[in-house]
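Since we're looking at a predicted model, the values are computed, not measured. Counting begins at 1 with the first residue of the sequence. Counting starts at 1 for both ligands and their atoms, following the listed order.
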Amino acid sequence: MIPYGKQDISQADIDAVVRVLQSDFLTQGPVVPLFEDALAQYSGAKHAVAVNSATSALHLACLALQVGEGDIVWTTPITFVASANCALYCGAKVDFVDIDSKTYNMSVSALEAKLESASLLGRLPKVVIPVHLCGQSCEMAEIWRLSKMYGFKVIEDASHAVGGRYKDFSIGGGQYSDITIFSFHPVKIITTAEGGVAVTNNEELAVKMQLLRSHGITRDPKLIRATDGPWYYEQIALGFNYRMTELQAALGLSQLSRLDEFVSKRHALAAVYDQSLAALPLELPYQHADCYSAYHLYVVRVKSKRISHEECFLKLRESGVGVNLHYIPVYKQPFYQAMGFPMGYCPEAECYYKEAISLPIYFGLEVSEQRKIISTLLSLLGE
Ligand SMILES: *Cc1c(COP(=O)(O)O)cnc(C)c1O
């Protein structure tokens with residue numbers, strides 16, 4: 001089966017991890033800060049806080065922005081459940097803004113309309129979490145403008161989008177948000193096996209996230225009350241063990257040096273799909289003029305009268321093409337259904353869900369494999 005996504009591990013990656021294994025520190029050593037600095041530099045952010053997953057980074061970002069009981073967080077229904085769960089971890093409520101019919105990202109007009117009515121009801125969100133689906137940025141300038149109008153904070157879930165750009169900026173630069181989250185799960189653009197990073201230009205937020213990733217414990221003389229001696233530390237908040245290991249950071253640092261190459265290859269693969277599938281009854285990924293996608297996913301929407309979405313999906317799998325569907329609208333999950341979201345809550349998202357298929361796209365996808373994927377689609381959907 002050709003998977004929909006896959007990591008690419010070089011000898012240099014392996015050597016970097018082995019060097020850490022032979023060193024004094026497997027965790028809390030010098031490599032995590034090196035990885036953080038490199039990622040901050042790459043994305044143009046002042047601070048980077050590495051943790052053990054993007055899910056943890058989302059949780060810490062919500063806590064740093066003081067999301068708690070009585071608060072509401074909004075995100076998109078077309079995302080991985082973690083983008084919504086992070087608010088629930090903090091005791092807040094979650095709500096969903098429908099997607100744009102072209103980009104499949106959070107719709108700015110739906111957001112604006114929902115803010116207007118929420119404002120009248122006194123139910124404005126504390127934080128909005130736009131997700132850069134497939135690696136293409138949301139329309140962040142507009143979302144940022146609305147955040148200033150309505151007084152909410154913005155966390156970009158850029159789990160798909162490291163290496164992507166928006167307007168003149170690398171994703172994560174923080175021009176239009178408070179905190180940006182990256183994921184380094186193996187299917188994403190670069191990997192640390194498990195791992196995530198939060199980047200921000202706000203030092204106070206960075207310090208809070210650093211504190212909370214390690215039990216709320218600090219030795220920083222600026223933060224502690226007093227000292228009893230050189231052994232002394234204080235727990236000043238209820239934190240977690242969300243630390244990234246040195247092994248993960250070494251892998252990430254090594255992978256980061258190939259990030260641009262990874263993204264270029266994804267663009268080349270996308271261009272081949274664009275050209276080869278143009279005549280088929282498929283809606284191909286729309287690229288917004290302000291965006292340079294990281295192309296984590298290549299999503300097509302099945303618009304055929306002859307073959308259903310499900311049959312197309314099934315036939316592709318039967319032919320050895322490991323397609324996937326990103327995503328089931330989050331509020332359709334049983335856990336969220338129990339919160340009372342009705343069917344049809346976000347019509348564009350539900351329409352998307354009935355048609356979307358993610359085709360394989362990753363650095364190591366061979367020409368012959370992509371040819372096979374294309375010929376399978378041509379035979380299934382061609383006239
Ligand atoms: C993968 C993913 C996450 C979670 O990332 P982990 O590093 O696996 O915790 C969150 N949001 C989105 C949109 C993702 O794709």
Practice item. With the side chain counted from C-beta on, respond yes when Leu146 and Val108 share a heavy-atom pair under 4.5 Å apart, and no when they do not. Key: yes
Review point. Got a sec, which residues hit side-chain contact (heavy atoms from CB on, under 4.5 Å) with Glu204, two or more places apart in sequence or on another chain?
Key: Asn202, Lys208
N/O pairs closer than 3.5 Å, ligand 1 and protein:
from: ligand 1; atom 1: 5 (O); to: Ser183; atom 2: OG; distance (Å): 3.3
from: ligand 1; atom 1: 7 (O); to: Ala54; atom 2: N; distance (Å): 2.9
from: ligand 1; atom 1: 7 (O); to: Ser183; atom 2: OG; distance (Å): 2.8
from: ligand 1; atom 1: 9 (O); to: Ala54; atom 2: N; distance (Å): 3.3
from: ligand 1; atom 1: 9 (O); to: Thr55; atom 2: N; distance (Å): 2.9
from: ligand 1; atom 1: 9 (O); to: Thr55; atom 2: OG1; distance (Å): 2.5
from: ligand 1; atom 1: 11 (N); to: Asp157; atom 2: OD2; distance (Å): 2.8
from: ligand 1; atom 1: 11 (N); to: Ser159; atom 2: OG; distance (Å): 3.3
from: ligand 1; atom 1: 15 (O); to: His160; atom 2: NE2; distance (Å): 2.7
from: ligand 1; atom 1: 15 (O); to: Lys188; atom 2: NZ; distance (Å): 3.0
from: ligand 1; atom 1: 15 (O); to: Tyr327; atom 2: OH; distance (Å): 3.2

Review point. Where do Val67 and Cys90 come nearest, in terms of heavy atoms and distance?
Key: O-CB, 3.4 Å
Check your understanding: Taking the six-membered ring for Trp, are Tyr166 and His132 ring centroids under 6.0 Å apart?
Key -> no
Review point. Between Gln11 and Asp15, do the side chains contain an N or O donor and an N or O acceptor separated by less than 3.5 Å?
Key: yes
Point to revise | Expected output: side-chain Tyr295 to main-chain Lys265 donor-acceptor under 3.5 Å | key: no
